[in-house]
Amino acid sequence: MIKEILKNSINNCIDTLNLENNNKFNVEVPNNKNHGDYSTNVAMVLSKLNQRKPRELAEEIKTELLNDAHIEQVEIAGPGFINITLAKSLFQELLYDILKAKADYGTTQHGAGKKILLEFVSANPTGPLNIVSARAATYGDTLYRIMNKVGYEAKREFYVNDAGNQVDILAESLELRLRQVRGENIGEFPVEAYHGEYLVEMADELNSNEGNRLLMLPEKDRIEKLKDYALNSIHEMQLNSLEKYDVEFDNWVSEKKLRNQGVVEEVLSFLAEAECTYEKDDAIWFSSSKYGDDKDRVLMKADGSITYFVPDLAYHLTKYQRGFDYIIDVLGPDHHGYVPRLKAAIKALKYDEEKLEVVFLQQINLFEDGEKIKMSKRLGKIITMDDLVDEVGKDVARFFFIDRRTNAHLNFDMDLARKQSDENPVYYIQYAHARISSIIKKARKEHEIRIGKPSRTACNFLNEEAEIELMKKLIGFPQLLESVADTREPHRLATYVFELAGMFHKYYAKHKVIDEENIDVTKGRLFLITAVKNVLAIALDLLGVNAPDRMKKTSAAKGAKKKTPTKKSKEK
RNA sequence: GUCCCCGUAGCUCAGUUGGAUAGAGCGUUUGUCUCCGGAACAAAAGGCCGUGCGUUCAAAUCGCAUCGGGGAUACCA
């Protein structure tokens with residue numbers, strides 16, 4: 001917000017000075033405090049265009065800028081940077097605005113109501129959600145929340161591959177388990193079958209209800225029944241896990257239903273009409289290499305069945321038909337070879353392939369006791385999303401997953417996640433929120449200081465450097481959210497909250513909020529920390545993490561308290 | 001072979017899309033409590049931003065090359 005205002009006044013300066021302008025300069029917060037509140041490179045960027053020396057240009061712009069009432073000081077440094085120091089009153093004014101906005105702070109119209117479709121998780125309906133899904137759920141849901149906050153109209157969608165080969169295997173696996181439960185000897189459990197314990201439990205339940213009846217049905221009906229049963233139970237399981245994780249979907253799309261609507265035939269004929277299919281080796285191929293893929297792909301196999309690509313393409317066409325401005329797919333790293341053919345088909349069918357964005361989440365390594373935990377799907381030895389949430393809690397899991405860039409591998413340290421102590425960043429942040437609540441409560445109960453409605457004059461008593469720094473951080477929040485939404489990089493919000501919490505803890509250690517001798521300053525400070533609390537709460541909510549007013553005391557925390565003094569006394 | 005991602009402090013990672021002296025947390029070392037909750041704070045040590053060349057006023061950031069790590073390359077889904 002401030003950046004925009006400054007950019008405008010700089011543009012005005014350039015106009016009054018009659019200089020050529022290519023609008024390529026930027027305004028930013030310098031990482032060195034001695035360089036002012038904001039800094040711009042205009043003079044350097046425009047020097048060539050105007051055939052002038054950067055520092056000379058800077059001098060002229062400086063004189064113009066000083067006419068602005070909000071600008072207190074302008075300095076020229078280095079090769080031609082213009083460093084701007086703003087008046088404290090401006091920050092105080094903006095703090096007052098944050099207090100008035102309350103929970104709506106950061107809500108903007110930036111996205112202009114553009115429609116966004118986020119597809120994520122879309123795990124196979126053949127078993128419980130695992131930690132890969134947990135990362136995808138965290139990413140998709142957090143991005144969804146942030147995008148809606150800044151004025152986009154985003155929707156969350158889950159695509160269920162409830163048709164095809166794997167589902168047949170699922171039904172067969174369940175039948176084997178059912179026979180096993182009933183005491184039949186089925187021999188070795190097949191390698192390609194699903195080995196997870198959940199199918200045994202499902203078989204148990206099924207047996208006690210309708211086991212006899214089921215096995216008397218003709219094979220075809222029996223498999224269909226088992227399939228439906230398995231799909232429904234697993235869907236319930238997944239829904240349940242997601243609910244515990246505070247992730248909801250606006251829409252579930254079933255592949256089976258799509259197929260029944262005849263979209264498969266439709267897509268095949270569309271592609272044929274576009275003249276990009278051919279027959280070879282008894283199969284039907286899509287000449288995707290003409291549209292940027294490395295090689296051509298099979299649409300219909302020699303045995304007459306279709307490849308998974310066809311219904312998936314059909315599904316993506318429905319996304320286009322539903323009129324979204326951006327279509328975002330969140331996929332695992334093993335799918336990246338798949339995107340070129342999808343985009344190729346979209347291009348071939350004359351849709352705008354630029355609308356489709358794909359975000360890849362890299363793999364996750366779980367670490368325990370410094371060792372990588374090995375997982376094997378075949379042996380049914382996987383760590384599920386439920387295991388993880390039960391173990392470390394939703395707040396910690398979500399924060400750990402969102403904290404990293406998407407295209408980096410994620411090392412998840414179980415030991416650190418389990419620790420309810422100072423090493424765990426989640427508690428550090430939550431503690432900042434709880435601490436503020438506690439101070440406000442104390443001011444009210446023990447000192448009878450109530451701040452009531454936001455007061456502009458109270459903000460005038462905030463002049464300490466640390467206070468101005470905090471205000472600056474808070475003021476940057478809306479812009480951060482917009483940038484996070486546009487770059488699809490929610491991890492930056494996690495970094496932001498952590499930094500804000502840190503700034504607060506430092507401020508707290510240095511400056512006392514409550515001072516009965518000086519009620520004016522006390523009120524100003526109470527307003528400031530209220531604003532910090534507000535932003536922490538908004539940010540944590542966007543991350544799907546709780547913002548508690550009180551921390552639960554744990555043995556780990558109590559232990560930490562005694563640690564330092566005893567260390568010292570032992571030494572001496 | 002081809003394609004994609006990653007190489008930043010001992011470890012795990014940021015780095016505001018090209019800015020000034022590269023930052024956190026953990027770990028290590030040393031400190032701070034008659035304290036508004038110590039799950040906190042202060043300080044020290046720790047770096048050729050994998051390597052080389054290029055682009056320009058300016059490169060951890062962009063381009064090319066190269067080395068190292070991971071992944072993808074089905075008529076599986």
Side-chain angles (χ1 to χ4, degrees), chain A residues 26 28-32 34-35 39 41 44-45 47-48 54 77-81 83 124 126 161 163-167 255 281-285 294-295 297-303 305-309 312 332-340 360 362-363 365 367 370 403-411 413 416 419-428 430-432 434-436 438-443 446-447 476 479-480 483 487 491-492 494-496 498-499 502 505-506 508-510 512-515 522 525 529 550-554 556-558 560-565 568:
Chain A
N26 54 34
E28 54 190 24
V29 180
N31 41 24
N32 187 332
N34 297 326
H35 297 147
S39 169
N41 59 358
M44 274 127 58
V45 172
S47 80
K48 216 171 201 178
F81 288 103
N83 296 331
N124 284 333
T126 53
N161 293 110
N165 217 350
Q166 50 178 356
V167 191
E255 181 185 349
D281 302 332
D282 295 328
I284 297 176
W285 295 69
D294 323 349
K295 50 183 166 188
R297 308 289 174 175
V298 171
L299 297 171
M300 187 180 280
K301 302 181 221 169
D303 66 5
S305 65
I306 52 157
T307 59
Y308 77 101
F309 172 57
D312 209 35
D334 48 333
H335 282 74
H336 87 246
Y338 163 72
V339 173
F360 291 107
Q362 293 297 324
Q363 71 177 73
N365 298 315
F367 280 84
D403 191 37
R404 302 281 153 81
R405 264 156 55 241
T406 53
N407 46 9
H409 290 198
L410 196 153
N411 290 328
D413 184 341
L416 178 58
K419 267 186 200 160
Q420 300 202 355
S421 72
D422 50 346
E423 292 156 53
N424 193 326
V426 183
Y427 295 97
Y428 180 83
Q430 291 182 322
Y431 180 48
R435 219 175 199 183
I436 294 171
S438 164
I439 297 168
I440 294 170
K441 196 168 138 196
K442 182 160 186 140
E446 294 175 29
H447 304 271
Q479 206 179 30
L480 174 90
S483 155
T487 57
H491 77 274
R492 281 168 49 202
T495 310
Y496 175 89
F498 187 72
E499 285 168 356
H505 284 308
K506 286 177 180 63
Y508 168 91
K510 205 170 161 192
K512 264 198 101 170
V513 172
I514 299 172
D515 178 3
T522 301
R525 290 183 174 175
I529 64 168
R550 194 182 301 159
M551 300 298 281
K552 257 194 280 173
K553 291 256 183 193
T554 67
K558 282 180 211 154
K561 194 172 181 176
K562 286 175 194 159
K563 206 173 173 182
T564 318
K568 194 178 164 188

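Labels below follow one simple rule: chain letters A, B, ... track the order of the sequence lines, proteins then strands, and each chain is numbered from 1. Because only heavy atoms are used, hydrogens play no part in the values below, and waters and symmetry mates are left out as well, while side chains stay in.
The listed nucleotides are B:rC75, B:rG37, B:rU17; the one nearest the side chain of A:E28 is B:rU17. Taking only side-chain atoms of A:S438, from C-beta outward, the nucleotide of B:rC36, B:rG19, B:rA77 with the closest atom is B:rC36. The nucleotide whose nearest atom lies closest to any side-chain atom of A:T307 is, among B:rC41, B:rA77, B:rG19, B:rA77. Checking B:rU17, B:rU21, B:rC75 against every side-chain atom of A:K301, the shortest atom distance belongs to B:rC75. With B:rC36, B:rG19, B:rC75 as the choices, the nucleotide that has an atom nearest any side-chain atom of A:F81 turns out to be B:rG19. Side-chain atoms of A:K506 lie closest to B:rC41 of the nucleotides B:rC41, B:rC76, B:rG37. Distance from the side chain of A:Q166 is smallest to B:rA77 among B:rA72, B:rC36, B:rA77.
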(Q) Please convert RNA chain B into dot-bracket. A pair counts if it is Watson-Crick or G-U wobble with both distances under 3.5 Å; crossing pairs go in [ ] and bases paired with another strand get |. (A) (((((((..((((.....[...)))).(((((.......))))).....(((((..]....))))))))))))....
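Within the 4.5 Å cutoff, no side-chain heavy atoms of A:Q362 are placed close to those of A:R404. Residues A:Y508 and A:R435 have side chains in contact (heavy-atom distance under 4.5 Å, counting atoms from C-beta outward). At a threshold of 4.5 Å between non-hydrogen side-chain atoms, the residues A:D403 and A:H491 do not count as touching. Looking at A:T487 and A:R492, their side chains come closer than 4.5 Å, going by heavy atoms from C-beta outward.
In this structure, A:D334 places its CG atom 20 Å from P of B:rC3, rounding to the nearest Å. Between the C1' atom of B:rU16 and the CD atom of A:Q479 lies a distance of 9 Å, rounded to the nearest Å. Per the geometry, CD belonging to A:Q362 stands 10 Å off C1' belonging to B:rA72, to the nearest Å. A:Y508 has its OH atom 15 Å from the P atom of B:rC33, to the nearest Å. Distance A:R550 CZ to B:rG37 P: 12 Å, rounded to the nearest Å. A straight line from CD of A:E446 to C1' of B:rC36 spans 9 Å, rounded to a whole angstrom. The distance between atom CG of A:N424 and atom P of B:rA40, rounded to the nearest whole Å, is 10 Å. A:D303 has its CG atom 13 Å from the C1' atom of B:rC76, to the nearest Å.
Put simply, the side chain of A:N424 gets close to the backbone of A:V426: a donor and an acceptor are under 3.5 Å apart. Using a distance-only test at 3.5 Å, with no hydrogens or angles considered, a donor-acceptor pair links the side chain of A:N41 to the main chain of A:N26. Looking at A:H505, its side chain does come within 3.5 Å of a backbone N or O of A:Y428 through a donor-acceptor pair.
Residue A:Y427 has no polar side-chain atom (N or O) positioned under 4.0 Å from OP1 or OP2 of B:rG37. Between B:rG38 and A:Y431, a contact under 4.0 Å exists linking OP1 or OP2 to a side-chain N or O. Look at A:K510 and you won't find any side-chain N or O under 4.0 angstrom from OP1 or OP2 of B:rC41.
At a threshold of 4.0 angstrom between heavy atoms, the contacts of A:A77 include nucleobase atoms, whether or not backbone atoms are also involved. A:K48 comes within 4.0 angstrom of the backbone, heavy atoms only, and of no base. Nucleic acid contact class of A:T487 (heavy atoms, under 4.0 Å, all strands): base. Looking at heavy-atom distances under 4.0 Å, A:K512 makes contact with a base. Heavy atoms of A:S39 sit under 4.0 angstrom from at least one base atom. Across all strands, A:D294 comes closer than 4.0 Å to no nucleic acid atom at all (heavy-atom distances). A:H35 comes within 4.0 angstrom of a base, heavy atoms only.
B:rU32 takes the anti form, because its glycosidic angle lies more than 90° either side of 0.
Residue A:I440 is the one, among A:I440 and A:K295, whose nearest nucleotide of RNA chain B lies closer to the 5' end (criterion: closest heavy atom). Along RNA chain B, the nucleotide nearest to A:R297 and the one nearest to A:N83 differ in position, and the one closer to the 5' end is contacted by A:N83.
Between A:L299 atom CG and A:T307 atom OG1 the span is 5.5 Å, to the nearest 0.5 Å. Interatomic distance, CD1 of A:I529 versus CD1 of A:I514, reported as 7.5 Å (0.5 Å rounding). With rounding to the nearest 0.5 Å, the separation of CG in A:L410 from CG in A:D413 is 11.0 Å. Summarising the geometry, atom CD1 belonging to A:I306 is positioned 11.0 Å from atom CD1 belonging to A:I284; distances are rounded to the nearest 0.5 Å.
Taking a centre distance below 5.5 Å and an interplanar angle below 30 degrees as the stacking criterion, A:H336 does not stack against the six-membered base ring of B:rG71. For A:F498 and B:rA24, the ring-to-base geometry does not satisfy the stacking test (centroid distance below 5.5 Å, interplanar angle below 30°). By the criterion of a centre-to-centre distance under 5.5 Å and near-parallel planes under 30°, the ring of A:Y308 forms no stack with the base of B:rC76.
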Just the table, please: protein N/O against nucleotides 60-64 of chain B N/O, every pair under 3.5 Å.
none

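Rounded to a whole angstrom, the distance from the P atom of B:rC49 to that of B:rA60 is 8 Å. Taking atom P in both B:rG46 and B:rG23, one finds a spacing of 15 Å when rounded to whole Å. Distance noted for atom P between B:rG47 and B:rG10: 6 Å (whole Å). With both ends at atom P, the span from B:rA58 to B:rA14 equals 29 Å, rounded to whole Å. Between the P atoms of B:rC6 and B:rC64, the separation comes to 14 Å (whole Å). For the P atom pair drawn from B:rA24 and B:rC41, the interatomic distance equals 12 Å after rounding to whole Å. B:rC4 sits 45 Å from B:rA43 when the P atoms are compared, rounded to a whole Å. Between B:rU61 and B:rG69, the distance separating the two P atoms is 22 Å to the nearest Å.
For A:K441, the NZ atom is loosely surrounded, since the number of other residues' heavy atoms within 6.0 Å does not exceed 12.
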Q.
Evaluate A:N161 against A:Q166 for side-chain hydrogen bond (donor to acceptor under 3.5 Å, both in side chains), listing each step before the verdict.
A. CA-CA 9 Å; A:N161 293 110; A:Q166 50 178 356; 4.8 Å; no
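Counting only N and O atoms by type, the side chains of A:T522 and A:D515 include no donor and acceptor under 3.5 Å apart.
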Q | Nucleic acid footprint by protein, nucleotides 6-14 of chain B - heavy-atom cut-off 4.0 Å, B for base, S for sugar-phosphate alone | A | SS----SSS
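Residue A:V298 comes nearest to A:M300 through the heavy atom pair CG1-O, 3.5 Å, listed as atom of the first residue, atom of the second, then distance.
Aromatic ring pairs are classed by plane angle as parallel below 30°, tilted from 30° to 60° and perpendicular above 60°; the pair A:H336 and A:F360 is perpendicular.
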